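From a predicted model like this one, the values you see are computed outputs, not experimental measurements.
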Amino acid sequence: MSTFKLRAPFRPTGDQPGAINALVKNLKTGIKHQTLLGVTGSGKTFTMANVIEKNQKPTLVISHNKTLAAQLYQEFKEFFPENAVHFFVSYYDYYQPEAYIPQTDTYIDKDVKINDEIDRLRHAATQALLTRNDTIVVASVSCIYNIGSPEEYQNLSLEFKKGQFLSRQKFLRHLISLQYQRSDVDFKRGTFKVRGDLIEVWSATGEQILKFDFFGNQIEKISEINLPNNILKADKEKEVKQARVFPAKYWVAPEQKLGLAIKNIKLELENQLEKLKRQNKILDAERLKRRTNFDLEIIKETGYCHGVENYSRHLEFRKPGEPPFTLLDYFPKDYLLIIDESHMTVPQLNGMYFGDRSRKETLIEYGFRLPSALDNRPLKFNEFEKKVDQVVYTSATPSKYEIEKSKSVCTKKNPPHPSSVSSTGQALKGGSDSPPLGGARGDFCIIQQLIRPTGLLDPAIEIRSTKNQIPHLIKQIKETVESGARVLVTTITKRLSEDLSEYLQEQGIKAQYLHSEIKTLERPEILKDLRLGKIDVLVGINLLREGLDLPEVGLVAILDADKEGFLRNDTTLIQTMGRASRHPQGRVIMYADKITQSMKRAISETNRRRKIQESYNKKHKITPQPIKKGIRPSIVEITKMPKGALKTEKEYLEEYIKELEFKMELANRNLQFDEAMRLQEQINKLKRATKK
């Protein structure tokens, strides 16, 4: 049985030991809900890594945005190099959902651009959960969306053994039924190629190539090559006695059940056609009939079709309205859930169902989809809650939901500590009622972690008028950059972030904007460039808030701080200001012409924490020290590294160049000259980078 083994060059300090002990004690006594109120930079991720090691249960970590999820994935990957740490987020670089606008009679077909690397990581995550008990998955809120039955996914996987009697043709049919495609030229993830009696299968996870040697109707030999590094060295190929092949896609219907599923879909189609005709929607009925029959023909022939997820209720034999299968169903019943930045993540989990339903109801009404398409959906929030066993909410500004949940379970289990929550439900009160520093009490389920291991304080705050704010901002940026620090600037709109970034560049400042339209895997690269000094100023909106670990940032400038609303409420302001708390000279400038109630609460809470931190430092004779944190490889780089071997960036680049050269040679042999030229350009850029 594999166990979680934490590897870190440091030990818990400050508030961390007390918080870890309290969280673990509550988990072992069966407490279902806890909240870790940890300030920015206090090491909440390291605290939770210690909790995972002591708890020894598969763990799901949910984050509200992909940028933060990528950062958490990298951190947990470093903390648990010997365990299965995986990444599960929406795999769309671009997503235009299917929709119909009745007012203008406009149908918008589903248009998506799937990121193949993220799709690979999703398959790796689900397969790890089904085969290992030492798995950590870092996910976005897309983890509550329908991905198909884990039981069917497991049952459909096929195990082949050395010496097994099986005809070559039947073996190929098995692969095709699992949605693997034959590709003797463009061999890649989710495909297989045939060379006489040798069949090679590239797994859906992209992590290995399996080779099956046939002699007549018998599997004579099975070999595997672990990827990516082993693809460069043939001597790394090893012979195995058996190998399991998982489906290449989700929603693959078992062949023996496919006929019944199609029959049920046809029955629903007949009922819906009658309903539309009674409503005199002849055109809509004809449209639905043609679209559905076309899909069914393809499903019948191949077991799959474009938009097959809309038929998932029938393919999985679920009842109408029954919750879909999600990533949560791939975990055992007693897993640990960590909801990171819960004040943001919980509302997102709560709202996903309603937006999805309203769009599909219109499609159904006008004959574009069957009513069962409604059951291809995210979980309702109450359904999500039923699938949760034990949960720890982590946030610097926990909201009313998690505080009330945590208080209620502890009230039932044990008398709560006298600490209380402010009227806004966002912070524990200070003063004599406060729990001990860190609030590390096993009899209370809202645990404070206010002390940073390095003794750093919450940032100093300055309020400036909006008059001549840009010239003043530029002056502050230049002074900060000259001192060797970086700058974050938050705006109200995407357009303003782009325009301001461009204007700063014109002033000779290395600036870059960051917002939701930047591709998922590009965002960590931009943050990495900021830390490396390739960028001095990052301008953004909401992506510069929770959890971003940027110790080089010495100044956070908040434009339009007095514009009351979601982007400038007290929670947002506290989180945004927290980005400057990892630097010894960290400071915040709010540009505002008045002090709003949100500003007042945010400043008051920040000053409360700063006072506690100063008192702790004085008592323990601590001098604040800058955080020394290595710049880790990007998420793409880290997934390509061999297990347990996080390397320096230069070492990785050299290995990656070798892999690209191998792929370029392969492209040339296959006469794919455009691809070969593209790879050569990429190799040249990387070689120049290694010489710097």
Side-chain angles (χ1 to χ4, degrees), residues 1-2 82-84 86 120 123-135 148-250 252-259 302-304 330 642-644 662 666:
M1 178 178 175
S2 301
E82 300 172 29
N83 302 113
H86 291 278
R120 181 187 76 76
H123 278 279
T126 51
Q127 290 184 25
L129 287 168
L130 295 176
T131 57
R132 299 183 61 164
N133 54 22
D134 63 332
T135 301
S149 165
E151 185 178 353
E152 290 295 351
Y153 188 76
Q154 175 84 300
N155 291 342
L156 279 166
S157 67
L158 298 173
E159 187 173 75
F160 301 99
K161 297 181 180 180
K162 179 181 177 180
Q164 179 179 346
F165 284 93
L166 180 70
S167 74
R168 179 174 165 277
Q169 286 303 112
K170 191 171 183 180
F171 179 83
L172 294 176
R173 284 200 299 272
H174 279 320
L175 293 178
I176 292 170
S177 71
L178 294 181
Q179 296 305 309
Y180 284 85
Q181 296 180 343
R182 181 168 179 171
S183 183
D184 294 335
V185 176
D186 186 20
F187 189 42
K188 58 186 179 181
R189 183 181 71 85
T191 65
F192 66 91
K193 63 179 179 181
V194 182
R195 291 185 296 174
D197 290 332
L198 176 64
I199 300 171
E200 297 181 46
V201 183
W202 198 323
S203 69
T205 66
E207 293 176 344
Q208 64 178 197
I209 291 175
L210 296 170
K211 293 185 175 183
F212 298 88
D213 272 303
F214 280 79
F215 183 76
N217 289 335
Q218 186 178 28
I219 300 176
E220 185 179 40
K221 179 182 175 183
I222 302 176
S223 305
E224 69 175 18
I225 303 175
N226 291 317
L227 302 177
N229 293 334
N230 294 348
I231 196 171
L232 305 175
K233 300 177 182 179
D235 60 348
K236 293 289 184 179
E237 180 180 321
K238 66 177 182 180
E239 188 172 345
V240 294
K241 293 183 179 180
Q242 57 190 40
R244 182 173 290 276
V245 180
F246 279 88
K249 296 178 182 178
Y250 298 108
V252 176
E255 197 170 336
Q256 63 272 25
K257 293 183 179 180
L258 193 57
T302 68
Y304 200 83
Y330 286 72
K643 184 179 177 183
F662 173 85
L666 188 65

- Query: R189 and S203: which non-hydrogen atoms are nearest, and at how many Å?
  - Reply: CG-O, 3.1 Å

- Task: Quick one: list whatever passes side chain to side chain contact (heavy atoms under 4.5 Å, CB included) with Q242, sequence neighbours left out.
- Result: E159, K161

- Atom of L156, atom of L178 and distance for their closest heavy-atom approach: O-CD2, 3.2 Å

- Note on the structure: Shortest non-hydrogen pair, T131 vs Q127, comes out as OG1-O, 2.8 Å

- Quick one: list whatever passes ring pair (Phe, Tyr, Trp, His ring centres under 6.0 Å) with H123, sequence neighbours left out. Y250

- Close side-chain approach of T135 and N83, heavy atoms under 4.5 Å: no

- Task: Starting at CZ of F192, measure out to CD1 of I209 and round the result to the nearest 0.5 Å.
- Result: 14.5 Å

- Closest non-hydrogen atom pair between A204 and P247, with its separation: CB-O, 3.6 Å

- Task: Side-chain contact test, heavy atoms from C-beta onward, threshold under 4.5 Å: evaluate it for E207 versus N226 and give yes or no.
- Result: no

- Would you call D197 and F215 a side-chain contact if the rule is heavy atoms closer than 4.5 Å? no

- Query: Are the side chain of R120 and the backbone N or O of G206 linked by a donor-acceptor pair below 3.5 Å?
  - Reply: no

- Message: Taking F187's backbone N and O only, do any of them form a donor-acceptor pair with T191's side chain (distance below 3.5 Å, no angle check)?
- Response: no

- Minimal non-hydrogen separation, Q218 against F165, with atom names: NE2-CZ, 3.7 Å

- Results of salt bridge (Lys or Arg N to Asp or Glu O under 4.0 Å) for K249 - residues two or more places apart only: none

- Message: Suppose the criterion is side-chain hydrogen bond (donor to acceptor under 3.5 Å, both in side chains): which pairs have a residue in residues 174-183, not counting sequence neighbours?
- Response: R182-D184

- Message: I need the minimum non-hydrogen distance between A243 and I222, along with the two atoms involved.
- Response: CB-CG2, 4.0 Å

- Query: Who passes side chain to side chain donor-acceptor pair (under 3.5 Å) against K257, sequence neighbours left out?
  - Reply: E152

- Please examine the side chains of L198 and F212, heavy atoms only from C-beta on, and report whether any two atoms are closer than 4.5 Å. no

- Sequence neighbours left out, what passes side chain to side chain donor-acceptor pair (under 3.5 Å) with R244? Give chain and number order. S157

- Item | Pairing residues for E239 by the side chain to side chain donor-acceptor pair (under 3.5 Å) criterion, not counting sequence neighbours | K162

- Message: For a 4.5 angstrom cut-off between non-hydrogen side-chain atoms, does L166 reach N217?
- Response: no

- Query: Say you draw a straight line from OG1 of T205 to CD of Q208; how long is it, rounded to the nearest 0.5 Å?
  - Reply: 6.0 Å

- Would you please name every residue forming a salt bridge (Lys or Arg N to Asp or Glu O under 4.0 Å) with R168, sequence neighbours left out? none

- Of all residues at least two apart in sequence or in a different chain, which pass the ring pair (Phe, Tyr, Trp, His ring centres under 6.0 Å) check with F214? F171

- Heavy-atom distance under 4.5 Å between the side chains of V240 and L210, does that happen here? no

- Query: Which pairs, with at least one residue in residues 212-227 and sequence neighbours excluded, count as a salt bridge (charged side-chain N to carboxylate O under 4.0 Å, His left out)?
  - Reply: E224-K238

- Rounded to the nearest 0.5 Å, what's the gap from OH on Y304 to CG on L258? Could you check? 13.5 Å

